[in-house]
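Data first, discussion second: the structure below is written as structure tokens.
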Amino acid sequence: MTAAFCLLFAVIIESYIQCDLIPSNTGYTQLFESSAIAAQIIDTDGNVCYRSKNSGEIKAETIHRALESPVMMENGIRLSGAPICGGYVLWKENLSELQDILQELSDMKEELKDANVIEEENLKAKKQMAKLSVKNQLYDKMQKQTSRQIILLSSLIDEYSLAENAQQRKKILGKVVVIGAYIKRRSNLIFIAEHNYFIPIRELELCFQETIRNLELSGVTAGFLMIGENNPCSLSQMTGKIISSETAMRIYDFSEAVIEESLESLSALFVTLKQENEKLVLSISAECEANLTKIAERYDAEAEQDFDDTWLLSFSVKGGENR
């Protein structure tokens with residue numbers, strides 16, 4: 001009975017509408033005029049049939065252009081048009097905020113061309129990391145594990161501001177790039193380690209590749225090579241492996257410690273990551289004036305100098321597994 005009464009009520013109301021006792025489909029002109037949208041409806045001859053209060057007067061020439069493609073007007077207003085049955089509809093859109101954003105992006109793009117962008121971005125990154133560390137335990141962990149590099153980066157930035165000539169600034173800037181790349185890649189490893197105990201060895205390869213690129217930008221002759229087990233010419237054995245995230249960070253930390261210790265006088269660096277039985281062995285050849293013995297002792301690695309005073313270091317950890 002409830003459904004029957006509801007249906008009967010709807011039939012009664014609909015019958016009133018059909019008999020015009022209840023007006024419907026009326027007042028569209030007033031509704032269009034009072035609406036907040038800025039639009040007009042014109043016929044095929046260009047005569048205005050309906051106009052909202054915010055549409056304003058539009059020149060006939062502007063209307064013809066808008067019907068072909070959107071037209072930018074004053075104050076960031078875009079006029080667009082589209083055909084409808086019996087005529088056309090025109091509407092205005094306020095794109096001033098979007099234009100301001102595009103202009104801001106354009107200005108930022110120009111600023112990024114400046115040589116000081118690395119200093120500015122690292123300062124912003126440091127401040128951002130400090131803010132996020134309060135809100136997120138993961139960011140706090142990231143900051144703690146790269147705190148030494150952050151302090152070093154800050155001191156380098158201070159040195160950059162006090163440098164007396166372009167040559168000194170260029171050398172300091174090269175150091176900033178190398179340290180900044182380590183902070184970025186080390187933080188990325190921390191993020192990945194939070195969700196995955198094992199990670200592809202490809203992640204570690206990307207870390208070394210970025211470090212090598214930035215060393216080359218600093219004027220250091222550098223290179224990196226991964227060698228598969230039993231087949232030095234094949235990388236597939238290595239790229240198909242996974243390693244624990246802790247192992248990846250230990251290997252990367254050792255290479256960074258060597259680079260930081262020797263960066264002042266480093267002229268050449270070659271890094272090799274290879275599989276030997278069940279171990280991953282990181283071999284580093286470094287041409288520098290620094291003494292790397294303490295770094296080797298700290299990481300329980302092997303270190304020696306060959307006949308031309310080039311440092312040869314070897315750091316081994318338990319290797320990865322095949323995927």
Which atom names give the shortest non-hydrogen contact between [X] and [Y], and what distance separates them?
X	Y	answer
Lys175	Leu156	CB-CD1, 3.8 Å
Gly223	Ile212	O-CD1, 3.6 Å
Leu90	Ala66	CD2-CB, 4.3 Å
Ala222	Leu215	CB-CB, 4.2 Å
Ala286	Leu269	CB-CD1, 3.8 Å
Cys288	Leu292	SG-CD1, 4.2 Å

- Are Arg202 and Leu206 close enough, and set up right, to give a side chain to side chain contact (heavy atoms under 4.5 Å, CB included), and what steps lead you there? CA-CA 6 Å; Arg202 172 66 176 168; Leu206 293 174; 3.5 Å; yes

Could you tell me whether a side-chain N or O of [X] sits under 3.5 Å from a main-chain N or O of [Y], the two making a donor and an acceptor?
X	Y	answer
Ser262	Val258	yes
Ser96	Gly76	no
Asn196	Ile199	no
Thr146	Ile183	no
Ser244	Thr247	yes
Ser147	Lys144	yes
Asp45	Asn47	no
Asn75	Ile77	no
Thr211	Cys207	yes
Ser245	Ala193	no

Do [X] and [Y] share a hydrophobic cluster (ILVMFWY, side-chain heavy atoms under 4.5 Å, transitive)?
X	Y	answer
Val89	Ile63	no
Ile295	Val281	no
Val71	Ile42	no
Tyr160	Leu152	yes
Ile58	Tyr50	no

- Task: Give a yes or no on whether a salt bridge exists between Glu260 and Arg148, defined as a side-chain N under 4.0 angstrom from a carboxylate O.
- Result: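 Result for this pair is yes, salt bridge flagged.
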
- Tell me, which pairs form a salt bridge (Lys or Arg N to Asp or Glu O under 4.0 Å) where one or both residues lie in residues 184-198, sequence neighbours left out?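 Listed by first then second residue: Lys141-Glu194, Lys184-Glu210, Arg185-Glu210, Arg186-Asp253.
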
- Message: Listing request: all salt bridge (Lys or Arg N to Asp or Glu O under 4.0 Å) pairs with a residue in residues 67-94, at least two apart in sequence or in separate chains.
- Response: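 Listed by first then second residue: Arg78-Glu93.
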
Are the side chains of [X] and [Y] in touch, meaning some heavy atoms are under 4.5 Å apart?
X	Y	value
Glu264	Lys171	yes
Gln40	Arg51	yes
Met249	Ile190	yes
Val271	Ser255	no

- What residue pairs, at least two apart or across chains, pass ring-ring contact (aromatic ring centres under 6.0 Å, His included) with a residue in residues 242-289?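 Applying ring-ring contact (aromatic ring centres under 6.0 Å, His included) to every pair that reaches into residues 242-289, excluding sequence neighbours, yields Tyr182-Tyr252, Phe208-Tyr252, Phe254-Tyr299, Phe254-Phe315.
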
- Message: side chain to side chain contact (heavy atoms under 4.5 Å, CB included) for Glu302 and Glu304? Distances and angles first, verdict last.
- Response: CA-CA 7 Å; Glu302 299 178 2; Glu304 62 177 354; over 6 Å; no

Other residues, nucleotides, ligands: >12 heavy atoms within 6.0 Å of [X] [atom1]:
X	atom1	result
Phe32	CZ	yes
Arg250	CZ	no
Asp300	CG	no
Phe191	CZ	yes

- Kindly determine whether Leu273 and Ile201 satisfy side chain to side chain contact (heavy atoms under 4.5 Å, CB included), including the steps that lead there. CA-CA 10 Å; Leu273 182 63; Ile201 201 170; 4.0 Å; yes

- Worked verdict on Val178 versus Ser218 for side chain to side chain contact (heavy atoms under 4.5 Å, CB included): CA-CA 8 Å; Val178 174; Ser218 304; 3.8 Å; yes

